[in-house]
2 protein chains.
Amino acid sequence: MASSGTESRRVTIHDVARSAGVSRQTVSRALNNKGEIHGSTKQRVLDAALALGYRPSRFARGLVRQDTISVGLVIPDLLNPFFTEVAAAALEAARAHGWHVLVYDTADSAEEERGTLQVIASQVDAVVGYFSRSEDEIEKLTRGLPVVLIDRERRSDRFSAIRIDGEAGVQAAITHLVEKGHRRIGMLDHAGRAEPSVRHAWFAAATAACGLDEGPVCRADQSVEGGESALETLLAEHPDVTAVFTFNDIIAIGALRAARRLGRSVPRDLAVIGFDGLRLGTLVEPPLSTVALDTRGLGALAVEQAARLLTGSGPLTPDELVVRAELRLRESG
Amino acid sequence: MASSGTESRRVTIHDVARSAGVSRQTVSRALNNKGEIHGSTKQRVLDAALALGYRPSRFARGLVRQDTISVGLVIPDLLNPFFTEVAAAALEAARAHGWHVLVYDTADSAEEERGTLQVIASQVDAVVGYFSRSEDEIEKLTRGLPVVLIDRERRSDRFSAIRIDGEAGVQAAITHLVEKGHRRIGMLDHAGRAEPSVRHAWFAAATAACGLDEGPVCRADQSVEGGESALETLLAEHPDVTAVFTFNDIIAIGALRAARRLGRSVPRDLAVIGFDGLRLGTLVEPPLSTVALDTRGLGALAVEQAARLLTGSGPLTPDELVVRAELRLRESG
DNA sequence: AACGTTCCCGTGAACGTTCACGAATTGCCG
DNA sequence: CGGCAATTCGTGAACGTTCACGGGAACGTT
């Protein structure tokens with residue numbers, strides 16, 4: 001009835017007004033529950049709107065009352081549980097502000113990331129996310145849009161960045177392993193970027209602080225399979241390794257599986273400690289020890305900073321934009 | 001420089017025009033890479049825009065060129081891996097169409113769902129999602145907006161609904177268990193709604209078809225913990241049960257953990273078969289047998305139908321809007 | 001010199017809604 | 001009956017952008 005077969009133009013507030021025999025303003029009053037309208041005419045307008053299938057244009061409405069705020073959330077891979085948790089926290093924080101969240105999954109592709117950023121810039125009021133491109137590029141694509149970077153070392157002061165400080169946590173993890181008698185500790189770093197990760201730097205510093213030689217490192221894709229094959233090659237090249245620290249929990253879980261396949265009992269023959277503190281880690285066997293992050297806090301903090309940037313109310317300072325990690329011992333190491 | 005301390009009004013295209021000594025239209029040409037503009041003036045305009053921190057209003061732009069489409073994705077809990085997978089698939093499908101996706105997590109709350117629906121109706125061009133409220137209510141809140149329901153029995157023809165057909169898959173699962181010698185098979189249903197789930201109906205039909213007595217059923221919250229405690233009570237009341245089928249994989253994973261704690265070896269002492277086919281199921285010990293769904297297809301199908309509804313190009317018929325489930329045997333049963 | 005082209009650029013209109021204001025009607029009281 | 005307030009409704013303007021059109025300058029052609 002209301003739907004049209006032909007490619008007709010949009011039903012506007014004018015059409016409703018004409019149909020109900022009133023003016024635009026009266027229609028507006030009826031639909032927005034404003035006062036200054038008679039009960040019967042209000043009902044008549046509502047009926048007309050329903051009959052015509054009228055829905056107000058969000059653009060026209062947004063143009064005049066500047067109240068709806070929407071923020072873009074950009075993540076590399078929603079299926080990666082780490083980002084799922086961050087995203088969930090961000091959604092919750094945004095809801096508390098009454099904001100809308102547009103989510104973009106860049107599929108770990110720098111090219112998609114570029115395209116997304118390009119498109120997003122004209123669709124949202126602020127951007128929160130995890131980016132791999134250079135700050136120059138991001139700057140160029142966002143053009144003064146408030147941007148909050150997640151898990152990024154702060155190189156310039158153009159963007160806010162939520163920093164992850166895992167130094168103490170990693171130190172605690174390595175110390176723990178050493179106390180357990182481990183002397184040869186390897187690491188499964190990520191394979192994403194060319195240079196080693198910051199987490200690797202923490203690892204190196206921690207082993208050095210414990211008076212250990214520099215442990216062997218192997219690069220792993222950010223997936224369970226990546227962790228599996230990485231552990232295999234690490235152990236093949238360095239059979240004397242009795243403990244591994246991994247870039248994140250996903251890789252650690254892969255390491256767990258590979259260890260089982262290789263006949264190495266965890267934690268007896270091989271200790272494994274991950275990074276992130278995913279819930280997922282409690283489900284695997286044995287439960288994964290990890291340097292845990294407050295992922296909820298991460299997402300919430302990012303959105304909070306976006307809010308500050310947007311409202312102009314004093315933004316958080318860099319040293320407030322930090323999420324610290326702490327060792328959470330379960331059974332794998 | 002560009003940012004203002006005072007609460008000043010928005011920088012518009014007029015301001016840029018004035019600053020560059022040209023007209024609005026010329027500014028528009030420069031920013032949108034249209035032709036009919038001299039190289040030097042274009043540069044001058046771009047500089048002015050940058051200096052003023054100008055960003056075009058998405059509302060004004062959307063009002064005149066009606067090209068940007070955004071769809072709302074409503075899910076009860078993003079942290080539930082099932083919905084994560086559906087959401088990821090939906091995001092990907094939407095990206096293929098060049099659409100924007102606004103994601104809302106209703107936190108399993110009917111009240112939040114209502115509020116979301118209310119707000120969403122004026123912000124998107126179509127809604128895709130998983131709803132618990134009655135169709136009447138949804139109808140009232142969306143007012144003619146294209147809506148695609150996920151995993152919902154089609155009661156009326158007002159909405160499109162993606163139906164999950166697990167009948168054959170569940171039948172295969174039960175048949176498999178019976179062939180393995182199981183005679184007393186229980187089920188862990190969900191605890192969400194008052195009435196038993198459709199999946200329970202499939203289960204009942206399948207056991208009956210195999211000539212078995214009706215198996216005992218226990219309700220479980222949709223969480224690992226829910227699955228754990230549900231299995232415990234089920235086994236306490238019915239110790240003769242040697243196999244369980246669960247509402248979904250999350251609950252099944254809880255059952256796995258409870259079985260371990262109770263000293264029941266899986267699958268020797270207790271067989272467990274879940275429903276959904278989550279990737280997560282491959283990570284637990286033992287790997288979870290399950291009646292697997294094509295979750296990617298689910299999300300993609302929903303978005304595809306939204307696209308058809310939106311463009312008016314013949315929508316998919318109800319019997320095309322079906323995702324079938326098939327038994328995927330791993331090691332737990 | 002008159003005329004057609006090409007290249008730039010600007011002006012009115014339109015998109016669909018809400019806001020600010022004014023006008024018409026009704027009711028009430030003196 | 002006059003006047004004042006309250007109630008109900010309508011009209012111009014504004015939000016910020018793009019589209020359709022038209023105009024002027026520069027250049028070449030006949």
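Protein chains get the first letters and strands the later ones, always in sequence-line order, with residue 1 at the start of each.
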Any salt bridge (charged side-chain N to carboxylate O under 4.0 Å, His left out) involving residues 77-96 of chain A? Give me the pairs, sequence neighbours left out, ordered by first then second residue. A/Glu92-A/Arg296, A/Arg95-B/Glu112
Ion pair present between A/Arg158 and A/Asp136, side-chain N to carboxylate O less than 4.0 angstrom? yes
Salt bridge (Lys or Arg N to Asp or Glu O under 4.0 Å) between A/Asp15 and A/Arg9, intermediate numbers included: CA-CA 11 Å; A/Asp15 302 319; A/Arg9 86 180 209 300; 3.0 Å; yes
Could you list the donor-acceptor pairs under 3.5 angstrom formed by side chains in residues 45-57 of chain B, with sequence neighbours left out?
from: B/Asp47; atom 1: OD1; to: B/Gln43; atom 2: NE2; distance (Å): 3.0
from: B/Ser57; atom 1: OG; to: B/Phe59; atom 2: N; distance (Å): 3.2
from: B/Ser57; atom 1: OG; to: B/Ala60; atom 2: N; distance (Å): 3.0

Please determine whether a side-chain nitrogen or oxygen atom of B/Thr41 lies at a distance below 4.0 Å from atom OP1 or OP2 of C/dC8. no
Between protein and nucleotides 13-21 of chain C, map the contacts as a letter string: B base, S sugar-phosphate only, - none, heavy atoms under 4.0 Å, written 5' to 3'. B-BBBBBB-
Applied to residues 26-38 of chain A, the salt bridge (charged side-chain N to carboxylate O under 4.0 Å, His left out) test, sequence neighbours excluded, yields A/Arg29-A/Glu36
Looking only at the side chains, is there a donor atom on one of B/Glu113 and B/Ser132 sitting less than 3.5 Å from an acceptor on the other? yes
Side-chain ion pair, B/Arg58 and A/Asp125, N-O less than 4.0 Å: yes
End axis versus end axis in the helix from C/dA1-D/dT30 to C/dG30-D/dC1, the angle rounded to 10°, five pairs used at each terminus: 60°
Looking at residues at least two apart in the chain, or sitting in another chain, which of them share a salt bridge (charged side-chain N to carboxylate O under 4.0 Å, His left out) with A/Asp294? none
